[in-house]
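Chain letters run A, B, ... following the sequence lines, proteins first, then strands; residues in each count from 1.
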Amino acid sequence: MTGRFHAPGPGPRGAPAACRPSPVALSSAVRALAGAAAPSSRYPQGAAMAHHMISKLLKGEVPVGETVTIKGWVRTRRDSKAGLSFINVHDGTCFAPLQVVAPSELPNYATEVAKLGAGCSVIVTGELVASQGQGQNVELKAIAIEVVGWVDDPETYPMQPKRHSMEYLREVAHLRSRTNVIGAATRVRNCLAQAVHRFYHERGFYWIHTPIITASDCEGAGEMFRVSTLDLANLPRTPDGKVDYSQDFFGREAFLTVSGQLNVETYCCALSRVYTFGPTFRAENSNTSRHLSEFWMIEPEIAFADLKADADLAEDFLRYIFKAVLDERGDDMAFFAEHVDKEAVSRLESFVESSFERMDYTQAIEALGKAPRKFEFPISWGMDLQSEHERYLCEELCKRPVVVMNYPKDIKAFYMRLNEDGRTVAAMDVLAPGIGEIIGGSQREERLDVLDARLDEMKLPKEVYWWYRDLRRYGTVPHAGFGLGFERAVNYVTGIANIRDVIPYPRAPKSAEF
RNA sequence: UCCUCGGUAGCUCAAUGGUAGAGCAUGCGGCUGUUAACCGCAGGGUUGUAGGUUCGAGCCCUACCCGAGGAGCCA
């Protein structure tokens with residue numbers, strides 16, 4: 001792979017350096033031209049931003065006739081013997097590239113422009129004009145094209161102007177961000193993340209930065225990654241032969257967090273409405289299209305709230321962030337609908353207009369019993385739902401997201417609130433078509449005696465939960481929350497099937513090259 | 001981790017146990033206000049790795065590596 005990290009310079013068939021115009025001289029001319037047309041803003045514009053984003057040009061924010069400068073990467077070049085070339089340049093600010101029309105009169109046309117190919121970086125100054133061709137409203141009639149970086153060996157440049165498989169793109173993760181599909185997924189992901197913060201900010205929630213390193217493994221959600229500075233080849237031992245963690249960095253065992261929930265509960269019971277949004281780590285050996293070893297999770301927690309309020313919040317929340325994508329990323333969503341998943345846009349549109357189906361676990365079991373099809377695993381009350389059952393509920397029975405509530409206590413975590421019936425807890429899962437469980441949440445057990453009884457029942461040590469129990473001793477309140485797997489939400493929105501394609505650098509078992 | 005399927009040119013894929021091919025990409029030429037342009041020519045291969053069976057293996061067998069789909073765990 002190191003062979004692909006070439007020093008910048010002309011390609012083997014590119015122009016020799018002596019033939020090229022001085023980049024310094026051209027750059028200053030370009031800056032002077034661009035400065036006059038710089039977009040206005042109430043915030044200062046740095047010199048580095050003294051050029052135009054392609055998104056603004058295509059949106060018509062700059063009038064035709066203006067002289068503008070763009071900076072970006074070449075997608076394709078088509079030559080016309082009428083004495084010009086068409087160069088599609090993208091800069092990531094929107095889905096579409098801008099078509100640059102390069103006349104053969106350019107001083108570096110034969111030596112450089114005619115040799116441009118996919119991946120080359122360029123700075124183009126020219127006049128914004130109405131397009132004579134189909135497919136775009138405006139195009140850039142080039143006055144000067146500066147080649148900033150050549151593609152060292154076009155024959156082995158991994159990105160071609162064609163459809164690549166998602167599996168292949170994963171192998172070139174450092175370059176796949178230049179493709180249509182990953183670029184679109186990146187913009188949608190950002191749109192969702194911004195909408196998450198906006199949603200909570202508008203409702204008076206505080207973003208709590210819960211710790212990434214946790215010093216106890218009492219979080220109870222599966223395998224954890226150990227954090228240690230001990231020398232693995234020479235571990236300190238206690239007299240009875242065990243590893244002596246008192247000599248480790250934190251003086252005790254430490255791990256990467258699998259959830260911010262327990263920590264954020266303490267802030268909830270003081271600031272009322274809080275949420276976390278950060279990375280989460282699971283060391284499970286999961287090889288599926290829905291699991292990552294490192295993923296991002298959003299965990300709101302609300303005080304003086306029950307399970308219904310929790311489900312209401314989940315619904316409002318998802319509707320809000322999906323609406324944001326429809327409002328802000330129509331270009332990218334149109335691409336997903338055309339090339340990735342036909343339903344991508346219509347699914348979101350119906351999502352923001354309709355409510356979730358809600359049913360109790362007990363009702364779900366009944367519905368599954370009446371299902372006009374056979375399941376590989378028969379289901380009965382007290383069992384956890386299998387993937388096939390969840391899929392049936394949301395994909396076939398309801399054909400939209402379903403909130404399943406009030407599960408048997410024996411299949412759920414210790415902190416979930418025990419219901420009046422004594423055999424179920426106030427837990428909920430939101431199941432989305434094609435994804436499965438996208439949200440898991442619950443009302444928390446706020447009664448100390450009931451919590452203690454649950455800890456005993458599940459043989460969990462009370463000592464390590466001392467601070468969590470304190471919340472129930474000092475001014476306890478009913479509270480509830482949930483966790484949304486951020487990447488699963490991006491999968492759902494874009495229609496991209498594999499979770500490894502909606503995060504820049506996926507971490508999974510045997511997979512962390514980049 | 002388990003089950004199933006797969007790995008052939010830069011990419012996507014063909015090839016009855018008998019000479020390893022196409023499209024796209026790349027290079028060169030032609031043509032054209034073009035739109036993943038089009039036409040022609042050319043270069044490009046230790047068939048995932050290591051063994052084995054056979055006169056002969058891309059194809060059959062064994063092990064391993066990697067990937068995909070499904071399952072479990074979960075978000």
note: A:M416, atom CE; B:C74, atom C1'; distance rounded to Å ~ 12 Å

Taking the P atom of each, how far is B:U4 from B:A9, in whole Å? 27 Å

A:N137 atom CG, neighbour heavy-atom count above 12 within 6.0 Å: no

> Can you find a donor-acceptor pair, distance only, under 3.5 Å between A:Q160 side chain and B:G10 base?
Replying inline: yes

Has A:S289 got a side-chain N or O lying under 4.0 Å from the OP1 or OP2 atom of B:G70?
yes

* Asked: At under 4.0 Å, does any side-chain N or O of A:S286 touch on OP1 or OP2 of B:C73?
  -> no

Scanning all shown strands, the Watson-Crick or wobble mate of B:C5 with both distances under 3.5 Å is B:G67

Validation row, ring centre A:F356 to ring centre A:F351 under 6.0 Å: yes

Exercise. Measure from the side-chain N and O atoms of A:D331 to the backbone N and O of A:F95, and report whether any donor-acceptor pair falls under 3.5 Å.
Key: yes

A:N498 side chain N/O closer than 4.0 Å to the phosphate oxygens (OP1, OP2) of B:G69?
yes

Paired to B:G10 by Watson-Crick or G-U wobble criteria (both distances under 3.5 Å) is B:C24

When rounded to whole Å, the CG to C1' distance for the pair A:L84 and B:G33 reads 6 Å

- Looking only at N and O atoms, is any donor in the side chain of A:E139 or the base of B:G33 less than 3.5 Å from an acceptor on the other one? yes

Which of A:F277, A:Y320, A:F205, A:Y206 passes ring pair (Phe, Tyr, Trp, His ring centres under 6.0 Å) with A:H197? Answer is A:F277

Checking N1-N3 plus N6-O4 or O6-N4 for Watson-Crick, or N1-O2 and O6-N3 for wobble, each under 3.5 Å, the partner of B:U46 is none

Margin query: Between the base of B:C11 and the side chain of A:H164, is there a donor and acceptor pair under 3.5 angstrom?
Written below: no

From CD of A:E171 across to P of B:C11 the rounded distance in Å is 8 Å

Side-chain N or O of A:R78 versus OP1/OP2 of B:A37: is the shortest distance under 4.0 Å? yes

Which of B:G10, B:G72, B:G70 is nearest the side chain of A:R391? It is B:G70

Strictly under 6.0 Å, is that where the ring centroids of A:F281 and A:F295 end up? no

A:R290 atom CZ is separated from B:G72 atom C1', nearest whole Å, by 10 Å

TODO: Give a yes or no on whether a donor-acceptor pair under 3.5 Å exists between the nucleobase atoms of B:U1, that is its base, and the side chain of A:E284.
DONE: no

- prompt: Looking only at side-chain N and O atoms, does A:S80 come under 4.0 Å of OP1 or OP2 in B:G33?
  reply: yes

Answer for the Watson-Crick or wobble partner of B:C59, both distances under 3.5 Å, is none

Other residues, nucleotides, ligands: >12 heavy atoms within 6.0 Å of A:R198 CZ: yes

A:R77 CZ to B:U32 P, in whole Å, measures 17 Å

When rounded to whole Å, the CG to P distance for the pair A:N287 and B:G70 reads 13 Å

When rounded to whole Å, the OH to C1' distance for the pair A:Y392 and B:A71 reads 21 Å

